[in-house]
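Just so you know, ligand 1 is whichever comes first in the structure, and atom 1 is the first atom listed for that ligand. Quick note: residue numbers are just sequence positions, from 1.
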Amino acid sequence: MSLINPIFFLQKAREKGVAIAAFNVHNLETIQAVAEGAAEERAPVIIQTTPGTLKHAGIPYIAACVKEAAKIYDIPIALHVDHCPSYKTIVQCIQHGYTSVMIDGSQLPYGENVELVRKVVETAHYCGVAVEGELGRIGGVEDDVFVDERDAAFTVPSEAKEFVEAAGIDFLAIAIGTAHGMYKGEPKLDFQRLSSIKEVVDVPLVLHGASGVPEASIREAIRRGICKINIATELKIPMADAIKECFKNNPDENDPRNYMGNAKQAVKKAVREKIRMCMSNGFADELKRL
Ligand code: 13P
């Protein structure tokens, strides 16, 4: 298959009451782990990269690897740029075949955020690419973006409705109490707020900062309308642990195929668990019949 625009499967996921897992990748091994894990679970999947990863690996390399993965596995795969503040980077991603983009203007005043997002929507839609926007501010650390707990701001339902209509986005990331990175205590999600947003907003809703959120809360969020779940840290941790374990057992190890091979298997295991948590296992085959 070719890479696809994720709108169709996000809408279908929402109708069915499941969510599509969106995994942040960083290199060849994480791309392979996500694609293989999703294929084994027969799940549609979103593979996403932050601007930091684009700087590290290069847009052409990432795009080429994910395009190959989509050809190898018979599951729908979308390639998405996550939390990108730059119009120029978004255009470069689209030129290399990304099928979905997130323009993050959440640090801007409301009017400027809408203006930037509209500009991205116009370009992306012209190219058949989907656009995610964010309203409210999700706390925690993602790349060089650090949002202090005190600056995190929950999404206001009436503003979300106005933002989606004014900006013309295809799906909306909302802030309801999750944060990027791991939590010190158990995160408390504002489910009532999520339901209120769902009542007034038509487009699929996205939950960022899913690492460390208990499965019961994820399931409740899906039940109330979340249909894209972003996961980054809970892939990074098993990857780092597997590499550390490898060097602990054999301090002289110097073959990347060994330590990265172990890391890939650990990431793949986490990918499969998260897909089952989102209940999208088997959904790739159901989509073919829709
Ligand atoms: P976590 O690192 O908390 O999983 O957050 C991922 C995310 O929201 C990426 O946008």
*Asks:* Would His208 count as being in polar contact with ligand 1, using the rule that some N or O on each side must be under 3.5 angstrom apart?
*Replies:* yes

*Asks:* Can you label the angle between the Phe247 ring and the Tyr259 ring as parallel, tilted or perpendicular, going by 30° and 60°?
*Replies:* tilted

*Asks:* Using side-chain contact (heavy atoms from CB on, under 4.5 Å) as the criterion, point out the one residue from Asp190, Leu194, Leu135 that pairs with Ile174.
*Replies:* Leu194

*Asks:* How far apart are the closest heavy atoms of Met102 and His83, and which atoms are they?
*Replies:* SD-N, 3.3 Å

*Asks:* Looking at every non-hydrogen atom in both residues, tell me the closest pair between Thr178 and Gly209 and how far apart they are.
*Replies:* CB-O, 3.7 Å

*Asks:* Would you name the heavy atoms of Leu54 and Val81 that are closest together and state the gap between them?
*Replies:* CD1-CG2, 3.8 Å

*Asks:* Take every heavy atom of His180, measure it against each atom of ligand 1, and state whether any distance is under 4.0 Å.
*Replies:* yes

*Asks:* Let me have the donor-acceptor pairs involving side chains of residues 159-173, under 3.5 Å, with sequence neighbours excluded, atom names and distances please.
*Replies:*
from, atom 1, to, atom 2, distance (Å)
Lys161, NZ, Glu165, OE2, 3.0
Glu162, OE2, Tyr110, OH, 3.3
Asp170, OD1, His125, NE2, 3.2
Asp170, OD2, His125, NE2, 2.7
Asp170, OD2, Val131, N, 2.7

*Asks:* Report yes or no: is the cationic atom of Lys119 (NZ for Lys, CZ for Arg) closer than 6.0 Å to the six-membered ring centre of Tyr87, at no more than 45° off its axis?
*Replies:* yes

*Asks:* Less than 4.0 Å is my threshold; does some heavy atom of Ala22 fall inside it relative to ligand 1?
*Replies:* no

*Asks:* Among Ala210, Gly209, Ala173, Gly181, which residue places a heavy atom closest to atom 8 (O) of ligand 1?
*Replies:* Gly209

*Asks:* Under 4.0 Å from a heavy atom of Asn24: give me the atoms of ligand 1 that qualify, with their elements.
*Replies:* 9 (C)

*Asks:* Which atoms of ligand 1 are found less than 4.0 Å from any heavy atom of Ala179?
*Replies:* 3 (O)

*Asks:* Which atoms of ligand 1 are found less than 4.0 Å from any heavy atom of Ile231?
*Replies:* 4 (O)

*Asks:* Does an N or O anywhere in Asp82 fall below 3.5 Å from an N or O of ligand 1?
*Replies:* yes

*Asks:* So which atom in Asn5 and which in Val129 form the shortest heavy-atom distance, rounded to 0.1 Å?
*Replies:* ND2-C, 3.8 Å

*Asks:* Identify the protein heavy atom lying closest to atom 4 (O) of ligand 1, giving its residue, its atom name and the separation to 0.1 Å.
*Replies:* Ser211 OG, 2.5 Å

*Asks:* Using a strict cut-off of 4.0 Å, indicate which atoms of ligand 1 neighbour a heavy atom of His83.
*Replies:* 10 (O)

*Asks:* Among Asn230, Ile229, Thr233, Thr178, which one has a heavy atom closest to atom 2 (O) of ligand 1?
*Replies:* Thr233

